[in-house]
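Note: hydrogens, waters and symmetry copies are ignored here, and every other heavy atom, side chains too, is used.
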Amino acid sequence: MAGGISIHAVDVASGQPAQGLRVEIWQVGPARALIADGRLGAVGTLDHPVTTGIGIEAGEYEVLFHLGEFFADSEGAGFLTVVPFRFRIVNVDEHFHLPIKFTRWGFALFRGA
């Protein structure tokens, strides 16, 4: 897959994809603009045109993972609220896959393949 930003999220405590997790993708620089806002589907991925590169330009980006909302009905929901991840895109033809593995107490986030 060329270009774009894809998300894959798994709640490792339950071993399930993070269906319903709200994710925002912002272009932070050169100007701040919301380019995607949605909830992850049944397999924990974001179905949005940004995943194919639509709207992606060179610059700095921030993804916000709304874990507080995701765990709102669970015991211990108040620890993590929003997890931000900032990164830079220089080559818009590269694909940026961002997997996040999390529990209500912590997370691991990286650029995947």
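Counting only distance, with no hydrogens or angles, the side chain of His95 and the backbone of Gly3 share a donor-acceptor pair below 3.5 Å. Listed for the His8 side chain is a donor-acceptor partner under 3.5 Å among the backbone atoms of Val43.
At a threshold of 4.5 Å between non-hydrogen side-chain atoms, the residues His66 and Arg39 do not count as touching. Contact of the Phe87 side chain with the Val63 side chain is registered, since non-hydrogen atoms from C-beta on lie closer than 4.5 Å. With contacts defined as side-chain heavy-atom distances shorter than 4.5 Å, the pair Ile7/Thr45 does not qualify. Side-chain contact between Val12 and Phe102: absent, with no pair of heavy atoms (C-beta onward) separated by less than 4.5 Å. Residues Thr51 and Ile5 are not in side-chain contact: their nearest non-hydrogen atoms beyond the backbone lie 4.5 Å or more apart. Contact of the Leu64 side chain with the Val23 side chain is not registered, since no non-hydrogen atoms from C-beta on lie closer than 4.5 Å.
Here the straight-line distance linking atom CZ of Phe96 with atom OH of Tyr61 works out to 9.0 Å at 0.5 Å rounding. If you take CG on Leu34 and CD on Gln27, they are separated by 11.0 Å, rounding to the nearest 0.5 Å. Atoms CG and CG, from Leu67 and Leu21 in turn, are 6.0 Å apart once rounded to the nearest 0.5 Å.
Summarising the local packing, CZ of Arg88 is surrounded by 12 or fewer heavy atoms from other residues, nucleotides or ligands at distances under 6.0 Å. Under a cut-off of 6.0 angstrom, the local environment of CG in Asp47 is sparse, with at most 12 non-hydrogen atoms contributed by other residues, nucleotides or ligands.
Linking Ile, Leu, Val, Met, Phe, Trp and Tyr residues whenever their side-chain heavy atoms come within less than 4.5 Å leaves Leu46 and Trp26 in two separate clusters. Under the 4.5 Å side-chain heavy-atom criterion for Ile, Leu, Val, Met, Phe, Trp and Tyr, Ile35 and Val28 are members of distinct hydrophobic clusters. Phe79 and Phe107 fall within a single hydrophobic cluster, where Ile, Leu, Val, Met, Phe, Trp and Tyr are joined by side-chain heavy atoms under 4.5 Å apart, directly or via other members. In terms of hydrophobic clustering, with Ile, Leu, Val, Met, Phe, Trp and Tyr side chains grouped at heavy-atom distances under 4.5 Å, Leu109 and Val10 are assigned to different clusters.
The closest side-chain donor-acceptor pair between Ser6 and His97 falls under 3.5 angstrom.
Heavy atoms only, all atoms of each residue included: Val90 and Ala58 are closest at O-CB, 3.8 Å. Of all heavy-atom pairs between Arg111 and Pro99, the closest is C-CD, 4.4 Å. When all heavy atoms of Leu98 and Phe85 are compared, the closest pair comes out as CD2-CE2, 3.7 Å.
Using a cutoff of 4.0 Å between basic side-chain nitrogens and carboxylate oxygens, Glu60 and Arg32 are not scored as salt-bridged. A salt bridge links Arg22 to Asp37: one of the charged nitrogens lies within less than 4.0 Å of a carboxylate oxygen.
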Quiz prompt | side-chain contact (heavy atoms from CB on, under 4.5 Å) between Asp11 and Phe71, worked out | solution = CA-CA 10 Å; Asp11 174 359; Phe71 288 116; 3.8 Å; yes

Exercise. Applying side-chain contact (heavy atoms from CB on, under 4.5 Å), run through Phe65 and Val82 and close with a yes or a no.
Key: CA-CA 6 Å; Phe65 298 91; Val82 177; over 6 Å; no

